[in-house]
Amino acid sequence: MRPLTYNTPKPMVPVLNLPFLEHVIRNLKEHNVTEIVMAQHYLAASMRAYFGDGSKLGVKLYYVMEESPMGTAGAVKNVEDFLNCTFFVLNGDIFHNRDFTAMLKFHRKHKAKATIVLTPVEDPRFTAWSRPTSAARSRVLPRNRKQRMSPPT
């Protein structure tokens with residue numbers, strides 16, 4: 001997303017004239033999520049300045065700073081003092097329109113310790129979670145042919 005993110009954290013990049021993260025927060029609010037803990041690192045002050053305590057969006061926001069990026073599991077560990085009930089874990093820079101009400105209902109119905117929601121993709125080699133090698137990027141495969149590739153090293 002560079003150069004957009006040189007001076008703006010990804011969650012604050014505008015989408016339809018609102019910071020990306022505001023869309024995420026509004027979606028959570030529509031599903032009765034009213035308390036949100038944000039683990040922050042890169043250019044965090046701009047998020048605090050914009051969202052404040054969250055009251056303008058009808059939620060309560062808590063901010064926890066990371067001295068260095070901790071990854072998803074590290075961020076959850078870092079905010080564990082706030083986690084005294086069922087909770088959702090989201091990345092603040094991934095756009096989705098999940099039905100959190102249905103997810104929570106499913107989770108509780110199955111008395112699960114954890115529920116993970118995945119999104120199927122046609123070709124996982126070219127997602128944000130995988131970085132194909134330059135050789136893989138240059139290959140063009142017919143749509144009806146599947147080829148298994150080793151993960152990049």
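Throughout, residue positions are numbered sequentially from 1 according to the sequence presented. Please read these numbers as outputs of a predicted model, since none were measured by experiment.
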Salt bridge (charged side-chain N to carboxylate O under 4.0 Å, His left out) pairs touching residues 14-27, sequence neighbours excluded, are Glu22-Arg26

Item to complete: Consider only side-chain heavy atoms of I, L, V, M, F, W and Y, link residues closer than 4.5 Å, and tell whether Leu18 and Met12 are in one cluster.
Response: yes

Walk me through it: do Leu90 and Phe100 pass the test side chain to side chain contact (heavy atoms under 4.5 Å, CB included)? CA-CA 11 Å; Leu90 309 171; Phe100 292 102; 3.7 Å; yes

Applying salt bridge (charged side-chain N to carboxylate O under 4.0 Å, His left out) to Lys60 and not counting sequence neighbours gives none

The side chain to side chain donor-acceptor pair (under 3.5 Å) partners of Thr101 (sequence neighbours excluded) come to His31

Sequence neighbours excluded, the answer for side chain to side chain donor-acceptor pair (under 3.5 Å) partners of Thr86 is none

Output for pair (Leu61 CG, Ile25 CD1), nearest 0.5 Å, gives 5.0 Å

Rounding to 0.5 Å, atoms CG (Leu16) and NE2 (His23) come to a distance of 5.0 Å

Going by chain and number, the hydrophobic cluster around Val64 (ILVMFWY, side chain to side chain under 4.5 Å) further includes Val37, Tyr62, Val76, Val79, Phe82, Leu83, Phe87, Val89

Are the side chains of Leu21 and Met38 in touch, meaning some heavy atoms are under 4.5 Å apart? yes

Listed pairs under 3.5 Å, donor-acceptor, residues 103-117 side chains, sequence neighbours left out:
{"from": "His107", "atom 1": "ND1", "to": "Thr115", "atom 2": "OG1", "distance (Å)": "2.6"}
{"from": "His107", "atom 1": "NE2", "to": "Ala112", "atom 2": "O", "distance (Å)": "3.3"}

> Taking the six-membered ring of Tyr50, is NZ or CZ of Lys56 closer than 6.0 Å to its centre and within 45° of its axis?
Replying inline: yes

